[in-house]
Amino acid sequence: MGFGERSLTYGGLADAAGVVARRIRRGDRVAVWATPEMETVVAVVGVLLAGAAAVPLNPRSGEKELAHIVSDSAPSLVLAAPGARLPPALGDLERVDVDAGSGAGAGAGEGVPHPELPGDAPALIVYTSGTTGPPKGAVLPRRALTRTLDALADAWQWTEADVLVHGLPLFHVHGLVLGVLGPLRRGGSVRHLGRFSTEGVTRALADGATMLFGVPTMYHRIAETLPGDPELAKALGGARLLVSGSAALPVHDHERIAAATGRRVIERYGMTETLMNTSVRADGEARAGTVGVPLPGVELRLVEEDGSEIGARDGETVGEIQVRGPNLFTEYLNRPDATAAAFTADGWFRTGDMAVREPDGYVRIVGRKATDLIKSGGYKIGAGEIENALLEHPGVREAAVTGEPDADLGERIVAWIVPADPENPPGVEELAGHVARRLAPHKRPRVVRHLAVLPRNDMGKIMKRSLTDV
Ligand code: MCA
Ligand code: AMP
């Protein structure tokens, strides 16, 4: 495992994580200050070794978001890299510094009990946005992690010989489960870039990495860079597998990358709550614009509005994707209402994603049920939580948030504001800073538009579909 110049062997990881595990009680919830560094991996592995559940925290979370996550998940302590500055919102939580070098393969982790745990014991609690209100904690059992990673190994012919490179954040499923626990489960290697850059990708692939994981924004930036960067084209051309996920990769970017490198990016489709559902297989046809076929163990169906199943595989009939399988979360922490609403009576999870199926079973996602969910840079962001944050600004009387198409981010967040003082409306910098400080920088509006009134229907509900820049 490598982060920049630093690296850790399996023996070193076992030792350092063993030292962490000794500080943790089985069954507890433990917060992890998830900076893109080695210490985050040691911390998460230590928590899992101890039989506890890790709650990864975005180190850029604002006060309000952090306060919510900490009070909702009630962790017994927070693990952090030495020297990391923790904000006041973490309050009185006991802090334990993680020493990634402890023992350094000398056996310091020996003697740590490896509890036998049932598959439904919680492993991770990952916070994810809904359409309204604060993010919900998806409780991911140990079984979901192992089953999804083994299914991906089958689909991607992923082995211990693979060296994965990526620059994904470590507080979401993509970077943490697929990007870190994935290579560890295979006994392979991972090189984390610290932060994504096309130079970092070139260097790692030229130096023997075999797989690249990224969100569409990263592949878009690669596609933009390729024409002037033959080294990048060569490096990508030599990779075994280029995988995109977390949002749709536009066909234009697929085609530009294929033309410049001779390699096709494959897409997989997942969700925080379900881990991975489908993928284009390494031995299958990489068809741009599709997310492939259901992974081993995953049942997938499309349903009509009334819940009836769509049997047709005509590439035309659109329905909501529902899934069932060992890859699913068990519940939203402290939210039995939301958990119940997320499942049908017979245990299918309602994804809210709309899709068609091709005659050969390939799934093509065509949209989303909720207009109040925005995918920007691969992050899922609820319009409601941004509206609430905006309404806490003294210069804002009314607010509505929408997502607009953006070539780089997929969608960009747009705030429609009725200012408290029309003579002196708050600008984009002011409101972006306000939201970034309270929630997180990726949730900040990129565009602010001022209106005299918000368009509402007879019921008083804001008509978001009429909020377009025309
Ligand atoms: C700008 N910045 C600010 C402000 N404005 N900070 C505070 N206040 C402000 N007002 C800072 C940002 O923090 C950042 O800092 C820099 O300016 C640029 O920000 P931005 O343009 O937003 O982003 P970016 O740095 O260009 O990042 C693009 C990205 C990122 C790398 C693609 O969006 C990303 O990492 N996305 C990955 C999302 C992901 O992993 N999703 C998985 C969830 P600085 O320059 O210091 O960084 S989905 C999932 O897990 C499911 C299961 C699935 O299917 O995968
Ligand atoms: P999150 O809640 O952040 O885990 O994001 C899950 C959502 O990301 C899914 O419900 C989809 O809308 C979207 N998503 C993930 N992978 C893909 C993909 N390959 N193509 C299109 N959408 C995707």
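Ligands are counted one by one from 1 in listed order, and the atoms in each one are counted from 1 as well. Keep in mind that this is a model prediction, so the values were computed, not measured.
At a cut-off of 3.5 Å, with distance as the only test, a side-chain donor of Asp253 or His220 sits close to an acceptor on the other residue. When only modelled atom types and interatomic distance are considered, Glu65 and Tyr127 share no side-chain donor-acceptor pair under 3.5 Å. A donor and an acceptor atom, one from each side chain of Thr274 and Asn327, are nowhere located under 3.5 Å apart.
Taking a cut-off of under 4.0 Å to the non-hydrogen atoms of Val291, the atoms of ligand 2 that pass are 18 (C), 19 (N), 20 (N). For ligand 2, the atoms sitting less than 4.0 Å from at least one non-hydrogen atom of Ala248 are 20 (N), 21 (C), 22 (N), numbered in the order shown with element in parentheses. Residue Thr128 approaches ligand 2 through these ligand atoms, each under 4.0 Å from one of its heavy atoms: 2 (O).
Taking the side-chain contact (heavy atoms from CB on, under 4.5 Å) definition, one finds that Ala151 meets it with Leu295, Pro296, sequence neighbours left out.
Remark: among candidates Gly130, Ser129, Ser246, the nearest residue to atom 16 (N) of ligand 2 is Ser246, based on non-hydrogen atoms. Among His172, Lys380, Lys375, Arg268, the residue whose heavy atom lies nearest to atom 19 (N) of ligand 2 is Arg268. Considering only non-hydrogen atoms, atom 22 (N) of ligand 2 lies nearest to Ala247 out of Ala247, Ser244, Ala138.
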Tell me, with the steps shown, if Phe213 and Trp156 meet ring pair (Phe, Tyr, Trp, His ring centres under 6.0 Å). CA-CA 12 Å; Phe213 290 176; Trp156 296 344; 5.5 Å; yes

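Nearest heavy-atom pair, Pro441 versus Ala436, reported as atom, atom and distance to 0.1 Å: CA-CB, 3.8 Å.
Considering both main-chain and side-chain atoms, Thr272 comes within under 3.5 Å of ligand 2 through a nitrogen or oxygen pair. Between Asp353 and ligand 2, a contact under 3.5 Å exists for at least one N or O pair.
Only the side chain of Glu267 comes within 4.0 Å of ligand 2, counting heavy atoms alone; its backbone N, CA, C and O stay farther away.
A cation-pi arrangement is present between Arg287 and Tyr362 under the rule of less than 6.0 angstrom and at most 45 degrees off the ring axis.
Here the protein heavy atom with the shortest distance to atom 6 (C) of ligand 2 is Met271 CG, 3.3 Å.
Between Tyr379 and His172, the distance separating the two ring centers is shorter than 6.0 angstrom.
Heavy atoms from other residues, nucleotides or ligands lying under 6.0 Å from CZ of Arg147 number 12 at most.
With Leu57 as the fixed residue, the side chain to side chain contact (heavy atoms under 4.5 Å, CB included) test singles out one of Val32, Leu66, Thr35: Leu66. Evaluated for a side chain to side chain donor-acceptor pair (under 3.5 Å) with Glu385, the options His68, Arg438, Lys443, Lys64 yield exactly one hit, Lys443.
Around ligand 1, the residues contributing at least one heavy atom under 4.0 Å from the ligand are Arg60, Leu168, Pro169, His172, Val173, His174, Arg195, Val215, Thr217, Met218, Arg221, Ser246, Arg268, Gly270, Met271, Thr272, Met276, Lys375, Gly377, Gly378, Tyr379, Ala432, Gly433, Ala436, Pro441, Arg444, Arg446.
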